[in-house]
There are 2 protein chains.
Amino acid sequence: MRRDVFQAIADPTRRAIILLIASQAMTPNAIAEHFDTTRQAVSKHLRVLTECELVKQKQNGREIYYELEVKKMKDIDKWLDQYKKIWENRFNQLDNLLLTIKKQNKK
Amino acid sequence: MRRDVFQAIADPTRRAIILLIASQAMTPNAIAEHFDTTRQAVSKHLRVLTECELVKQKQNGREIYYELEVKKMKDIDKWLDQYKKIWENRFNQLDNLLLTIKKQNKK
DNA sequence: AATTTGCGAAACCAATTAGTTGCGTATATA
DNA sequence: TATATACGCAACTAATTGGTTTCGCAAATT
């Protein structure tokens, strides 16, 4: 099963769950109360998040607290890094210029 | 149709396309040559990327060059920002501690 | 001990999506 | 003008996904 961080954050409900548990670990029922959905649906989202290690479980009696593994979000940041160089140093403007010149030479 | 940046980068092929055109605008055919897939498949991915404005087209005769709209990636960075505070300032460790204390009080 | 509560897992369904095939159209080339 | 090339678009298929329902199990409550 293909499970990576990018696929996990693609779903808006999952992003909402991430935001919700970012400040406070919560049980599936508690999370479900915040949305117009069932506990089971939340449970499936939590499974996806757990599988890609964006979230970890902490059992406490019969309750399972879900906690955000914030560190895992660095993966996204790392991926963004290669493009940050481009947008920060405005290399893209340079690329545009080069492309325009190339087109004109063809004519 | 639900089209946002997060959904766009969820697909590994689309991330590969983004990487490919980041340094150099390319035509669908040129992009397709880099992958084990057809031009039409690439074309569909480019449509998704165009719809969420991660990519823009530049027609040149019968060729259409696809260019990365790097600025749009800032949207992802903005979203990450709220969590960056957490992982950088190690607030998560504090949260863990608070949660542990809470559990112990329950017992 | 019986019941309730919190949960995951499996079976199922509807919607979405990635990919293919087969068009039509516009630009370039012979 | 006829042909080849570059492309988007629509119809179709197979796989995936979000969600529901139902079940069983373990922990808590009565």
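If you're wondering where the values come from, they're calculated on a predicted model, not measured in any experiment.
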Whole-Å distance between [N] [atom2] and [X] [atom1]?
X	N	atom1	atom2	answer
A:Gln7	D:dA15	CD	P	17 Å
A:Phe6	C:dA18	CZ	P	16 Å
A:Met26	C:dC7	CE	C1'	16 Å
B:Arg15	C:dA18	CZ	P	12 Å

task = Indicate whether any N or O donor in one side chain lies under 3.5 Å from an N or O acceptor in the other, for B:Tyr65 and B:Gln57.
result =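 No donor-acceptor contact under 3.5 Å links the two side chains.
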Sequence neighbours excluded, every pair satisfying side chain to side chain donor-acceptor pair (under 3.5 Å) that has a member inside residues 26-43 of chain A =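 For residues 26-43 of chain A: none.
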query = Taking for each residue the nucleotide of DNA chain C bearing the nearest heavy atom, is the 5' side occupied by A:Arg47 or by B:Thr13?
reply =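 Here A:Arg47 is the residue nearer the 5' end.
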request  = Find which nucleotide of DNA chain D each of B:Lys44 and A:His45 is nearest to by heavy atoms, and output the residue with the more 5' nucleotide.
outcome  =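 Comparing both residues, the 5'-ward one is B:Lys44.
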query = Looking at A:Asp11 and A:Lys44, does any basic side-chain N land under 4.0 Å from a carboxylate oxygen?
reply =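 Salt bridge between A:Asp11 and A:Lys44, a charged N being under 4.0 Å from a carboxylate O: no.
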query = Going by an N to O cut-off under 4.0 Å, is there a salt bridge joining A:Lys74 and A:Asp77?
reply =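 Answer for the salt bridge query: no.
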ask   = Hey, is the side chain of A:Gln40 pairing donor to acceptor with the base of D:dT22 inside 3.5 Å?
value =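 By the distance-only test, yes, there is a pair.
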Can you pull every protein N or O that's under 3.5 Å from an N or O on nucleotides 27-30 of chain C?
residue, atom, partner, partner atom, Å
C:dT27, O3', B:Arg62, N, 3.4
C:dT27, O2, B:Arg62, NH1, 2.9

query = If every non-hydrogen atom of A:Leu68 is compared with every non-hydrogen atom of A:Ile21, which pair is closest and at what distance?
reply =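 Here A:Leu68 and A:Ile21 meet closest at N-CD1, 3.8 Å.
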ask   = Between A:Ile64 and A:Pro28, what is the shortest heavy-atom contact and its length?
value =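 Closest approach of A:Ile64 to A:Pro28: O-CD, 3.3 Å.
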ask   = Which pairs, with at least one residue in residues 18-28 of chain B and sequence neighbours excluded, count as a salt bridge (Lys or Arg N to Asp or Glu O under 4.0 Å)?
value =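 Not a single pair qualifies under salt bridge (Lys or Arg N to Asp or Glu O under 4.0 Å).
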task = Scan residues 13-25 of chain A for pairs that pass salt bridge (Lys or Arg N to Asp or Glu O under 4.0 Å), counting only residues two or more places apart or in two chains.
result =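 Pairs touching residues 13-25 of chain A that pass the test: A:Arg15-B:Asp4.
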task = Kindly say if A:Gln57 contacts the phosphate of C:dC7, meaning a side-chain N or O under 4.0 Å from OP1 or OP2.
result =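 A:Gln57 to C:dC7 OP1/OP2: no side-chain N or O under 4.0 Å.
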inquiry  = So, OP1 or OP2 of C:dG6: does either fall under 4.0 Å of a side-chain N or O from A:Thr27?
reply    =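 No, no such contact exists.
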message = Measuring from the side chain of B:Arg3 (C-beta onward, heavy atoms only), which nucleotide among C:dT17, D:dT17, D:dC7 has the closest atom?
response =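 The closest nucleotide is C:dT17.
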task = Could you check which residues of residues 29-39 of chain A get a heavy atom under 4.0 Å from DNA chain C? Sort them by number, please.
result =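 Those residues are A:Asn29, A:Arg39.
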query = Residues two or more places apart in sequence or in another chain: which of them pass side chain to side chain donor-acceptor pair (under 3.5 Å) with B:Lys72?
reply =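 If we apply the side chain to side chain donor-acceptor pair (under 3.5 Å) test to B:Lys72, skipping adjacent residues, the hits are B:Asp75.
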